[in-house]
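Encoded as structure tokens, the structure appears first; notes follow it.
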Amino acid sequence: MTHLVVYYSRTGNNRTIANQIAKALSADIDEIIDKKNRQGRLNWLLAGKDSRSGKLTEIEYKKNPQDYDTVIIGAPIWAWNPIPPLRTYLKEVNLNGKRVAFFICSKSEAYKDMFGRLAEMTPDSEHVGSFGIQEEQFKNEDYSADLEAFIEKIK
Ligand SMILES: Cc1cc2nc3c(=O)[nH]c(=O)nc-3n(C[C@H](O)[C@H](O)[C@H](O)COP(=O)(O)O)c2cc1C
């Protein structure tokens, strides 16, 4: 079974989790780069606006998920919505028939509602697991047991 971990991360939280998952699974890892600058206060506001209005963006990534059995995809939430680089990725790649899992580190518990929406955006994939965590727990608590349970499911 081959695994690809794909992630977008603006401030590093989801990158850290992506690295942990990839290490545990000896998986390949790929970063989604948003070609739109998302740093700085004005761009922060625009990122929220773009996300709320369901906008797409221009992205770059290196690996083709078609080459893997299981694709594990992680990203934050912006303005209670799937972020533009993730929306764009899910539109651009073909995940039909693939085993797919999602992970999210977000500020609030907003990730709880997000997994259903992401599953709806990938209707022809087999959804094999999800892992969500609030930033506060991610930074201050030991979440390794929950992460290991997720990894067991997607092995
Ligand atoms: C523009 C913007 C909007 C955000 N909106 C939400 C939100 O609606 N709900 C939430 O829980 N977190 C929200 N966040 C917080 C991020 O999801 C959170 O900081 C996450 O851990 C960032 O992950 P990263 O370090 O991988 O980029 C928002 C962050 C940004 C930049």
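Order of appearance sets the numbers: ligands from 1, and atoms from 1 within every ligand. Note that the numbering runs from 1 along the sequence shown for the chain.
In this pair, Y61 and Y89 present their aromatic rings perpendicular. The plane angle is above 60°, beyond the 30 to 60° band.
Of the polar atoms of G12, at least one N or O is found under 3.5 Å from an N or O of ligand 1, judged by distance alone. Inclusion of A79 in the set of residues having an N or O under 3.5 Å from an N or O of ligand 1 is warranted. Looking at K107 next to ligand 1, an N or O pair under 3.5 Å apart turns up. Looking at ligand 1, you won't find any N or O of E109 less than 3.5 Å from one of its N or O atoms. Ligand 1 has an N or O atom lying under 3.5 Å from an N or O atom of R10, backbone or side chain. Checked by distance only, ligand 1 and N13 come closer than 3.5 Å through their nitrogen or oxygen atoms. The N/O atoms of I77, backbone and side chain alike, include one that comes under 3.5 Å of an N/O atom in ligand 1.
Protein heavy atom at the shortest distance from atom 8 (O) of ligand 1 is W80 N, 2.7 Å. Counting protein heavy atoms only, atom 23 (O) of ligand 1 is closest to N14 ND2, 3.1 Å. For atom 1 (C) of ligand 1, the closest non-hydrogen atom on the protein side is W44 O, 3.3 Å. The closest protein non-hydrogen atom to atom 9 (N) of ligand 1 is S108 OG, 3.8 Å. Among protein heavy atoms, the minimum distance from atom 25 (O) of ligand 1 is reached at T11 OG1, 2.4 Å.
Residue pairs satisfying the side chain to side chain donor-acceptor pair (under 3.5 Å) criterion with at least one member in residues 77-87, sequence neighbours excluded, are listed as follows: N81-R117.
For the side-chain contact (heavy atoms from CB on, under 4.5 Å) criterion with D34, the lone passing option out of I83, L86, T88, T57 is T57. Applying side-chain hydrogen bond (donor to acceptor under 3.5 Å, both in side chains) to Y68 and the options T2, D30, D28 leaves one that passes, D28.
Of all the heavy atoms in A79 and R52, the pair that sits closest is CB-NH1, 3.9 Å. The two atoms that bring L118 and P82 nearest to each other are CD2-CB, 4.2 Å, heavy atoms only.
With a 4.0 Å heavy-atom cut-off, ligand 1 is reached by the side chain of E135 but not by its N, CA, C or O. Within the 4.0 Å heavy-atom criterion, neither part of F138 lies near ligand 1. Both the backbone and the side chain of C105 come within 4.0 Å of ligand 1, counting heavy atoms alone.
Counting heavy atoms only, W78 comes closest to atom 3 (C) of ligand 1 of the residues Y7, Y111, Y8, W78.
Residues I73 and V100 meet the side-chain proximity criterion, which asks for heavy atoms closer than 4.5 Å.
Of all atoms in ligand 1, listed by their number and element, those nearer than 4.0 Å to a heavy atom of S9 are 24 (P), 25 (O), 26 (O), 27 (O). Within ligand 1, counting atoms from 1 as listed, the ones closer than 4.0 Å to a heavy atom of G48 are 1 (C). Heavy-atom contacts of P76 reach the following atoms of ligand 1: 17 (O), 20 (C), 22 (C), 23 (O), 27 (O) (cutoff under 4.0 Å).
Side-chain contact of R99 with T70: a donor-acceptor pair under 3.5 Å is present, judged by distance alone.
Annotation: E136, atom CD; neighbour count of heavy atoms from other residues, nucleotides and ligands within 6.0 Å does not exceed 12.
For the atom pair CD of E58 and CD of E60, the computed distance is 8.5 Å after rounding to the nearest 0.5 Å.
Applying the side-chain contact (heavy atoms from CB on, under 4.5 Å) rule to A101 yields the partners I72, V128, F150, I154; only residues at least two apart in sequence or on another chain are considered.
Taking the charged nitrogens against the carboxylate oxygens, K98 and D67 have no contact shorter than 4.0 Å, which rules out a salt bridge.
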